[in-house]
S.K.: 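The structure that follows is given in the form of structure tokens.
Each residue takes its place number in the sequence, starting with 1.
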Amino acid sequence: QVQLVESGGGLVQPGGSLRLSCAASGIIFRTYNMAWYRQAPGKQRELVAGITSGANTNYADSVKGRFTISRDNAKSTVYLQMNSLKPEDTAVYYCKANPTAWTPEYWGQGTQVTVSS
């Protein structure tokens, strides 16, 4: 069965850093585009960062220059390095796997990130 398991969330002070990880199993990881989304209370889910199977990246304007997405195909893991965190970054962060072929997409269960002093 397919699983995406996020880890690395927690409580951090403004200006601090966290690194999120998403470990995938049950898929041919190297063939999938991967992305991080987030959803804060009362707000819509939004795309934070994406990385293609070819390792091209894109970012939401709100996180450009602060967040970095990367992937390790040997470990079937995608990462989100978050620096200079702001209270507005507080949300549940979700990992998403998008196939490059006609197969289903998958979501992780999410990990909570709270930025507060």
S.K.: Report the hydrophobic cluster partners of Met34, with the cluster defined as I, L, V, M, F, W, Y residues connected by side-chain heavy atoms closer than 4.5 angstrom, directly or transitively.
M.R.: Val2, Leu4, Val12, Leu18, Leu20, Ile27, Phe29, Tyr32, Trp36, Val48, Ile51, Tyr59, Val63, Phe67, Ile69, Val78, Leu80, Met82, Leu85, Tyr93, Tyr106, Val113, Val115
S.K.: Glu88: what forms a salt bridge (charged side-chain N to carboxylate O under 4.0 Å, His left out) with it, not counting sequence neighbours?
M.R.: none
S.K.: Per the disulfide bond (SG atoms under 2.5 Å apart) rule, what does the pair list look like for residues 14-111, sequence neighbours excluded?
M.R.: Cys22-Cys95
S.K.: Taking Ser116 for its side chain and Thr114 for its backbone only, find out whether a donor-acceptor pair lies under 3.5 Å.
M.R.: no
S.K.: Carefully, step by step, assess Asn58 and Thr52 under the rule side-chain contact (heavy atoms from CB on, under 4.5 Å).
M.R.: CA-CA 9 Å; Asn58 63 281; Thr52 69; 5.7 Å; no
S.K.: Tell me which pairs pass disulfide bond (SG atoms under 2.5 Å apart) where either residue lies in residues 34-89, with sequence neighbours left out.
M.R.: none
S.K.: Determine whether Tyr37 and Lys96 make a side-chain contact, defined as any pair of heavy atoms from C-beta on separated by less than 4.5 Å.
M.R.: yes
S.K.: Can you see which heavy atom on Gln39 is nearest to which on Arg45, and at what distance?
M.R.: NE2-N, 3.7 Å
S.K.: For Arg38 and Ala91, work out which heavy atoms get closest and say how close.
M.R.: CB-CB, 3.8 Å
S.K.: How would you list, by chain and number, every residue that makes a side chain to side chain donor-acceptor pair (under 3.5 Å) with Asn83, sequence neighbours excluded?
M.R.: Ser17, Gln81
S.K.: Quick one: pull up CG in Leu11 and OG in Ser117 and give me the separation to the nearest 0.5 Å.
M.R.: 9.5 Å
S.K.: OG of Ser25 to CD of Gln1: how many Å apart, nearest 0.5 Å?
M.R.: 7.5 Å
S.K.: Which heavy atom in Ser53 sits nearest to a heavy atom in Thr100, and how many Å separate them?
M.R.: OG-CG2, 4.1 Å
S.K.: Do Val5 and Trp107 share a hydrophobic cluster (ILVMFWY, side-chain heavy atoms under 4.5 Å, transitive)?
M.R.: no
S.K.: Is Pro14 close to Pro87 at the side-chain level, that is, under 4.5 Å between some pair of heavy atoms?
M.R.: yes
S.K.: Output all residues satisfying side chain to side chain donor-acceptor pair (under 3.5 Å) with Asp61, sequence neighbours left out; order by chain, then residue number.
M.R.: Lys64
S.K.: If you round to the nearest 0.5 Å, how far is NZ of Lys43 from OG1 of Thr90?
M.R.: 10.0 Å
S.K.: For the atom pair CD (Glu6) and OG1 (Thr111), what is the distance rounded to the nearest 0.5 Å?
M.R.: 7.0 Å
